[in-house]
Amino acid sequence: MKLVVVSAGLSVPSSTRLLADRLAAAAGPAATAPEPAPADVRVIELRDLAVEIAHTFTNGFPAPALADAFAEVAAADGLIVVTPVFSASYSGLFKSFFDALSVTDEDALTGKPVLIAATGGTARHSLVLEHALRPLFAYLKAVVVPTGVYAASEDWGAEGLDARIERAATELAALMAGLTGPSKGRTPSPKRDSFEEVTPFAERLASLGVPSRT
């Protein structure tokens with residue numbers, strides 16, 4: 001399994017990168033369970049690609065480092081995307097990266113499982129996940145994980161953040177396993193529709209010990 005993390009944090013150290021790392025640490029093992037082999041995790045720091053992203057819009061071609069990042073995203077079995085909140089929405093750098101990606105390859109995210117996450121200074125911006133990030137990735141034809149993760153300043157070290165990270169990571173792992181091929185131990189039937197050959201999402205969550213919502 002290949003997991004790609006896109007972090008749009010600007011500072012060093014960055015709470016955005018910290019959240020991205022914690023999500024990857026939870027999703028990586030879950031994505032390969034019960035296999036002992038770890039997931040192949042690649043982190044893309046958009047801060048390091050800011051100039052190349054801007055140039056892509058003026059010359060129409062991504063520079064080598066940005067092209068490599070686009071290739072990593074396109075080849076991923078699943079994505080974790082994390083942005084700081086600016087003006088009650090995702091950052092311009094975050095949006096520009098995915099705009100440039102879609103111009104280069106409009107189908108790069110089609111059918112790809114994506115876990116959305118964001119950081120901000122106050123809990124009042126938590127709805128950014130639903131009014132900004134989820135519609136963006138739905139438009140890009142990705143499969144967005146049901147649970148998003150928002151971390152305000154007061155959430156770090158507080159009760160609840162770990163549980164949200166674990167649930168979102170497990171949901172991403174379930175989608176990665178379900179959308180990349182038939183479930184292990186099952187023989188695909190030529191009479192079945194391709195969507196029926198994968199492990200159902202709820203079934204996969206149950207196998208990983210995550211209770212269904214009521």
Side-chain angles (χ1 to χ4, degrees), residues 1-28 31-32 37-86 89-119 128-129 132-145 148-149 168-169 172-173 175-181:
M1 289 286 186
K2 182 172 185 177
L3 176 64
V4 173
V5 182
V6 178
S7 172
L10 298 179
S11 60
V12 180
S14 163
S15 61
T16 299
R17 176 60 188 268
L18 176 60
L19 180 57
D21 288 344
R22 290 183 62 178
L23 287 165
T32 58
D40 177 13
V41 179
R42 162 78 191 277
V43 179
I44 298 172
E45 280 280 11
L46 299 189
R47 178 186 63 249
D48 300 332
L49 300 171
V51 173
E52 293 188 10
I53 291 171
H55 287 170
T56 300
F57 290 104
T58 57
N59 60 28
F61 298 98
L66 184 58
D68 288 344
F70 287 166
E72 293 281 355
V73 169
D77 295 304
L79 294 178
I80 295 173
V81 298
V82 193
T83 178
V85 174
F86 290 143
S89 189
Y90 36 64
S91 72
L93 178 61
F94 182 86
K95 179 63 161 54
S96 294
F97 175 79
F98 288 103
D99 282 346
L101 172 63
S102 63
V103 169
T104 304
D105 180 1
E106 63 180 11
D107 294 320
L109 298 185
T110 299
K112 197 176 300 294
V114 176
L115 192 167
I116 55 173
T119 58
V128 68
L129 297 173
L133 272 77
R134 195 174 298 277
L136 170 63
F137 288 96
Y139 175 79
L140 295 174
K141 298 174 282 188
V143 180
V144 185
V145 168
V149 180
L172 175 64
L175 282 172
M176 288 171 65
L179 294 179
T180 54

Nearest-0.5 Å distance that lies between atom CG in Leu66 and atom OG1 in Thr104: 7.0 Å
Leu140 side chain reached by Leu136 side chain, heavy atoms, under 4.5 Å: yes
Where Ser89 and Val128 come nearest, the two heavy atoms and their spacing: CA-CG2, 3.6 Å
Val81 side chain reached by Tyr90 side chain, heavy atoms, under 4.5 Å: no
Pairing residues for Ala65 by the side chain to side chain contact (heavy atoms under 4.5 Å, CB included) criterion, not counting sequence neighbours: Leu49, Glu52
Considering all heavy atoms, the nearest Leu129-Ala118 contact: CD2-N, 3.9 Å
Main-chain N/O of Val145 paired to Arg134 side chain as donor or acceptor, under 3.5 Å: yes
Closest non-hydrogen atom pair between Thr56 and Ala100, with its separation: CG2-CB, 4.1 Å
Modelled atom types, side-chain donor and acceptor of Thr16 and Thr119, under 3.5 Å: yes
Minimum side-chain heavy-atom gap Arg47-Val12 below 4.5 Å: yes
Residues that Lys2 engages under side chain to side chain contact (heavy atoms under 4.5 Å, CB included), provided they are two or more places apart: Val4, Asp40, Glu72, Ala75, Asp77
Ring geometry between Phe97 and Phe70 (parallel below 30°, tilted from 30 to 60°, perpendicular above 60°): tilted
Nearest atoms (heavy-atom pairs only) where Ala69 meets Ile44: O-CD1, 3.7 Å
Considering all heavy atoms, the nearest Gly28-Leu3 contact: N-CD2, 4.2 Å
Tyr139 OH: over 12 foreign heavy atoms closer than 6.0 Å: no
Closest contact, heavy atoms only, Ser91 versus Phe86: CB-CD1, 3.3 Å
Side-chain (Lys112) to main-chain (Ala74) donor-acceptor, under 3.5 angstrom: yes
